[in-house]
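For reference, the structure is listed below as structure tokens.
The figures that follow rest on heavy atoms only: side chains count, while hydrogens, waters and symmetry mates do not. All chains are named by letter (A, B, ...) in the order of the sequence lines, taking the proteins before the strands, and each is independently numbered beginning at 1.
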There are 2 protein chains.
Amino acid sequence: MDRIALFNDYLHRQGLKNTSQRMAILERFLRSKSHYSTEDLYLKLRKDHPKIGYATVHRTLKLLAECGIAVELNFGDGQTRYEPVKADQHHDHLICTSCGKIIEFSEPRIENLQEQVARQHDFIIHSHRHELYGQCAKCAAENR
Amino acid sequence: MDRIALFNDYLHRQGLKNTSQRMAILERFLRSKSHYSTEDLYLKLRKDHPKIGYATVHRTLKLLAECGIAVELNFGDGQTRYEPVKADQHHDHLICTSCGKIIEFSEPRIENLQEQVARQHDFIIHSHRHELYGQCAKCAAENR
DNA sequence: AGTTTTCTGAAAGTCATTTTCAATTTCACT
DNA sequence: AGTGAAATTGAAAATGACTTTCAGAAAACT
């Protein structure tokens with residue numbers, strides 16, 4: 001089942017409706033390579049769909065996060081970003097605080113240790129956030 | 001050098017001034033055990049210092065974060081929290097999404113792996129954020 | 001097709017955070 | 001100790017991301 005079908009399915013199960021706006025937003029979102037804020041995606045969408053409002057984009061992104069198609073990211077700059085969940089490929093982020101570049105990484109050994117930690121505290125993990133902030137090679141070289 | 005001296009030093013270096021408000025806020029903040037939002041700390045302070053305004057608390061917390069006495073925490077609920085940096089004892093957080101309980105943990109093996117990841121990407125880490133969200137034992141038992 | 005329910009977009013409302021501004025306080029230098 | 005430039009303060013207003021409201025429009029069940 002692809003993600004469009006998955007979304008339709010989710011809508012149906014929740015008694016929600018499939019609308020052209022939701023489909024347009026999902027479709028554009030899935031084509032994204034970067035980490036969109038509501039604002040970003042809203043602006044991108046305006047080119048092809050000038051009638052779609054900001055609130056609808058926002059509401060749809062929340063729906064996508066609810067049904068697992070998107071993850072919400074919070075890098076501490078006061079803006080929530082969304083990124084498509086890549087099937088069975090969880091990853092975390094390295095963020096360059098100079099140029100804003102975002103690098104994705106995944107490290108199963110870290111995931112394992114997380115699980116250990118959670119067990120030690122009788123905790124059941126539902127999700128996590130792991131972000132490394134610093135400087136990428138380019139910025140480190142420039143700001144020397 | 002204790003943290004009060006450290007703060008004074010920082011203020012001086014930045015051409016800022018040492019005021020009774022800043023000292024009161026720092027002093028109260030250092031006594032805190034939990035993770036205060038600006039609002040939390042402002043309310044606590046009102047007991048002894050009813051004249052200190054919200055904006056001053058907020059501005060001072062930002063200063064404390066700047067000079068490394070406090071760390072900003074963002075648990076994604078739209079409120080920034082601050083916690084005193086404990087000397088040579090970095091830790092991360094387990095957050096119960098049912099009751100809001102916050103458990104601290106530290107796991108040097110995770111820190112090591114982080115460094116490895118950063119090296120692989122030619123990245124220099126300045127700080128990081130690692131949070132595990134889920135249910136604590138108590139909430140898991142209750143919501144059964 | 002009709003009816004019920006949900007959606008939508010624009011505008012207004014929230015809420016944490018940030019800025020403004022006039023009055024006050026600090027501090028370097030007499 | 002006194003002076004004056006510069007920073008600080010608190011209250012209120014502004015900002016900005018996010019959320020809600022509401023009346024008209026669109027979807028989906030019968």
inquiry  = Please tell me whether His130(B) and Gln114(A) have a donor and an acceptor in their side chains that are separated by less than 3.5 angstrom.
reply    = yes

message = What is the distance, to the nearest angstrom, from the OH atom on Tyr42(A) to the C1' atom on dA10(C)?
response = 10 Å

query = Would you say Tyr133(A) and Ile125(B) are hydrophobically clustered, going by side-chain heavy atoms of ILVMFWY under 4.5 Å?
reply = no

ask   = Touch check for His49(A), heavy atoms < 4.0 angstrom, all strands: base, sugar-phosphate only, or nothing?
value = nothing

request  = Could you check whether the rings of His93(A) and His91(A) sit parallel, tilted or perpendicular, using 30° and 60° as the cut-offs?
outcome  = perpendicular

task = Can you tell me the distance, in whole Å, between the CD atom of Gln21(B) and the C1' atom of dA7(D)?
result = 12 Å

query = Can you tell me how far P of dA16(C) sits from CG of Asp40(B), to the nearest Å?
reply = 11 Å

Length of the line joining His12(A):NE2 and dA28(D):C1', which is rounded to integer Å = 8 Å

inquiry  = Distance check needed: dT17(C) C1' versus Gln79(B) CD, whole Å only.
reply    = 11 Å

request  = Please determine, for the side chain of Asn18(B), which listed nucleotide (dA17(D), dC27(C), dG10(D)) has the closest atom?
outcome  = dC27(C)

message = Let's test your reading of the model: under 3.5 Å, does the base of dT21(D) pair with the side chain of Arg59(A) as donor and acceptor?
response = yes

query = Nearest-Å distance, NZ (Lys62(B)) to C1' (dT18(C))?
reply = 8 Å

request  = With the side chain of Tyr54(A) defined as its heavy atoms from C-beta on, choose the nearest nucleotide among dA6(D), dT19(D), dT8(C).
outcome  = dT19(D)

task = Tell me what Thr80(A) touches on the nucleic acid: a base, only sugar-phosphate, or nothing, going by heavy atoms under 4.0 Å.
result = sugar-phosphate

ask   = Would a hydrophobic clustering, with Ile, Leu, Val, Met, Phe, Trp and Tyr connected at side-chain separations under 4.5 Å, put Tyr42(A) with Leu26(A)?
value = yes

message = Which nucleotide wins on minimum distance to the side chain of Ile52(A), given the candidates dA7(D), dT9(D), dG9(C)?
response = dG9(C)

ask   = Counting any heavy atom closer than 4.0 Å, what does Arg22(B) reach on the DNA or RNA strands: base, sugar-phosphate only, or nothing?
value = sugar-phosphate

task = Establish whether the base of dA26(D) is bridged to the side chain of Lys17(A) by a donor-acceptor pair shorter than 3.5 Å.
result = no

message = Just by distance, no angles: are the side chains of Tyr10(A) and Glu66(A) close enough, under 3.5 Å, to form a donor-acceptor pair?
response = yes

key: 5'-most by nearest nucleotide on DNA chain C - Arg81(B) or Thr19(B)   = Arg81(B)

key: Length of the CG-P vector between Leu63(A) and dT6(C), whole Å   = 14 Å

note = His58(A) NE2 to dT20(D) P, in whole Å, measures 9 Å

